[in-house]
Each structure stands twice: as C-alpha cells, then as structure tokens.
Amino acid sequence: MRTKESAAMRLEPTPGLEAFRRRVRAFVAEHAPGTKAHSGVRAPEPALMPAIREWTAKLYEAGLLGIDWPAEYGGRPDAHPLEPSVVAEEIARARTWPPVGAASLASAALLDFGTDAQRARFLPRIRTCEDVWCQLFSEPEAGSDLAALRTRARREGEGDEAVFVVDGQKVWTTNGQHADMGYLLARTDADAPRHRGITAFALDMRSPGVTVRPLREITGTTDFNEVFLDGVRIPAARVIGRVNDGWRVAMSSLGRERSGVAARGAELSAVLDDLLRLAEGTPVDGRPALDDSATRQSLGELAARVRVNAAMTSLAQSRMLHGTERPEDALLGKIFFSELHHDLADFGLRLQGTDGLLTEDDPETVADGWWQDAHLYSRAYTIAGGANEVLRTQVAERGLGLPREPRRQG
C-alpha cells in the first residue's frame, strides 16, 4: 500500500509543466538583459539597473513572477505549484540576471500580514519594479543569531500621526545601494524575550537618517552594504503585521521562499559543465587533464554530488506538493549546496595549477577569472541564510530530535 509519504517520493514532470518550461526558456532567450558575469547572489553595477528593472517588470507582466500571489494582485492561483521553480531554473540555466533584491520576501510578508492599504501600495510597485527591496535583518552582532538584533524602534505619538523612531545598524544587506524600500526588523520591546518584542517595518530607503555604505568584499565587488539608521522616522502605518510580532512575520516569509532552491541546482549543473570543459582544455603532463585518472575520479565524485543535490531538491519539492515537508529539508539542501558549490569552484581553480593564482583582471586568466571570483565568493554561500554550523545544530534538534544544545546564559 502506498502511504502519503511514499507518494511524495515521486516527482515526474507533467506535459503542461514541460510546455511551460519551453515557454519560459523562449521568453528568457528573447528578453533577458545579458549574461551575469559572476556566480552567486550579486549586486549589479548601477548602469545595469534600468535594464534589470525593465526585465523584472516583463517577467511579472508575462505571469512568470508572482505566480502564487492571489489573483487580485496579478497571481495565477490555478498554476502548477512548481512553476516558480521552473522560472528560477531557466533564469539560472541561461546565466542571466534574476530579479535583484528582496521583493519575494517582502511580498510574502505583505500578502500574509500586510494591511489592504499596504498591499495596494506596494505590490503593484513590486510588479513594475518601481520599488527594489532590500532585507534589513542581519546586524554586526546578530547574523546567524537573528533574535539577538539590537536595532531599536520607539513609538512616538498616537493615531494617524504615530511614528516609530529607529536607531541601529544593519549589515550584509545585498543590493542595499539600489534599494528603494527595506524590509526591516527592529526591536520594539527591550524587556520581552528574544524572539518577541521584534516588529517588521516597510522602510523607505530615502528617509532622512538612512545611510547606506557599500562594503568591498574579497572579490573586489560591492554586493553587500552596511546600513546605518539614525533617528529614522517610520509611520506606524508601515508596520507589517502586529507590533512585537515581527519574528513570526519574518519566519513566515522566509519559509515561503522555495524557488531559489531550484535555481541553486541549475547553477551547480552549469558549473559542473564548465568544469568538464576546463578539464578537457587544461594540459597535465602534455595531455588533457580529463585523461588523467585521478582527475576523472574527482570529477566523477563531484558529478555524483551534483546529481544527489538534484535528487534532494526534487524530494523537497515533492514533499512540499504532498504536504509532507520536514523541518530539515531546507536546512540540509542549503548545507549540501553551499559546500558543493565551494568544492566545484575550488577544484576548477586547482586544475589551473599556478595559473589559478592570477587575479581576475589579469588578461591570462581562464574564463576572464570566473573561477577565481567563484572560489572567493563561495564561502559567502556557507554563511548566507544561516551559517552551516548553526544549521547543522538545527538539523540535529529539529530533524533528528536530539537534545537541544545548551544555550549560553547572559
């Protein structure tokens, strides 16, 4: 007898979903704003932003983004639930720019917890990409331990004139330099337990007192930013959900973002293809590296891990479709992907021998220094979305039911 869990183990593409994939692939080929030169979640140069905004608006207009939104806000509730994953996969496969910013997180928060006025204001501007959003969660001492955030918001006034005055600092804010709006978490009750007393806000990034300072990373690029909030006044009407209930808002919106998992799998497959071509064209003792048995064994191991990652993604999607999701699915997928991404980039760099020491702007680098940049960036994946060490503890506690790790007091 097939149980609900065994049914969730099967995930086969339907003719309708395959037809949708062909339509998406053709749309991306016609409208995409060019090749994305670097791997990872990167911030574009300012000159690219108008084209990316236009591209994003076209994706929404064609019904390829916001698919799972309610119909009154432009969604297609009767669509196959895997369509967002197909779109993410095809954008990654084409190596072009996905929509930049945190609009998917912000829209999830607004749809689930926002007021009618907030949804009417912000959702259309997300669809036209008039507003690029950034995520203002992490802080210098509250990254993986998000509940330790220290940014404060104090209420002033009552009624329609009420505002929250915010002071604090955020960091690792991707695309903060391009953002029009920020999805902000701030502490509104300093005496409440750690996961309470936090409130979610929609912040206009042009507000007085907001300072965005790009951070130059080891890659030489400025994908992340630190954001300083000095007496920033946010109307009380911009609170998302209830005051002091921001932790629930944030966790709910993070849990709804699933399509990125599929995009990560497509990215790994593309990197593996590049790695095989690199091994074919790189000489080792006068022969292509691909002819070397040790190289072939390493490539075989990496290829097997890429296939395992694809199987893990399919299993997680299948469980999602059948309502049998497990707490550890997303955690394990992120850990496995990030460490495999690093190992692929690392092997690609080592294949080049001493040429792997060249910097990205050296004219002699392979693939314009793509491997150097990917290797340097790959560590960011092991931290973003929760450091892998922390996630392993969560897998043990939530997935395996092991005793909770003792928490430090004070």
Short side-chain to backbone donor-acceptor contact, Lys334 and Ala387, under 3.5 Å: no
Test item: Lys36 side-chain N/O and Trp97 main-chain N/O as donor-acceptor pair under 3.5 Å: no
Aromatic plane relationship, Tyr377 with Phe224 - under 30° parallel, 30 to 60° tilted, over 60° perpendicular: parallel
Derivation and outcome, side-chain hydrogen bond (donor to acceptor under 3.5 Å, both in side chains), residues Gln317 and Ser85: CA-CA 9 Å; Gln317 290 176 329; Ser85 295; 3.2 Å; yes
Ala270 backbone acceptor or donor facing Arg95 side chain under 3.5 Å: yes
Tyr183 and Ser253: side chain donor to acceptor below 3.5 Å: yes
Straight-line distance of Leu64 CG to Glu90 CD, nearest 0.5 Å: 11.0 Å
Minimum heavy-atom distance Leu146-Ser138, with the two atoms named: CD1-N, 4.3 Å
Flag, side chain of Arg404 to backbone of Glu397, donor-acceptor distance under 3.5 Å: no
Residues Thr313, Phe337; criterion side-chain contact (heavy atoms from CB on, under 4.5 Å); working and verdict: CA-CA 10 Å; Thr313 298; Phe337 161 80; over 6 Å; no
Arg76/Asp78 under side-chain contact (heavy atoms from CB on, under 4.5 Å): CA gap, chis, key distance, verdict: CA-CA 5 Å; Arg76 297 186 289 108; Asp78 59 341; 3.9 Å; yes
Side-chain donor/acceptor of Ser378 to backbone N/O of His375, under 3.5 Å: yes
For the student: nearest non-hydrogen atoms of Pro70 and Leu111, plus distance: CD-CD2, 3.6 Å
Any donor-acceptor N/O pair, Ser252 side chain to Val249 backbone, under 3.5 Å: no
Test item: Glu301 side-chain N/O and Gln297 main-chain N/O as donor-acceptor pair under 3.5 Å: no
Side-chain (Arg127) to main-chain (Gly74) donor-acceptor, under 3.5 angstrom: yes
Derivation and outcome, salt bridge (charged side-chain N to carboxylate O under 4.0 Å, His left out), residues Asp223 and Arg42: CA-CA 5 Å; Asp223 305 305; Arg42 312 301 282 270; 2.8 Å; yes
Side chain proximity check, Ile91 to Leu59, heavy atoms < 4.5 angstrom: yes
Closest non-hydrogen atom pair between Thr222 and Gln177, with its separation: O-NE2, 2.9 Å
Where Leu331 and Gln394 come nearest, the two heavy atoms and their spacing: CD2-OE1, 3.5 Å
Heavy-atom pair of closest approach, residues Glu130 and Arg53: O-NH1, 3.2 Å
Asn244 side chain vs Arg196 backbone, donor-acceptor pair below 3.5 Å: no
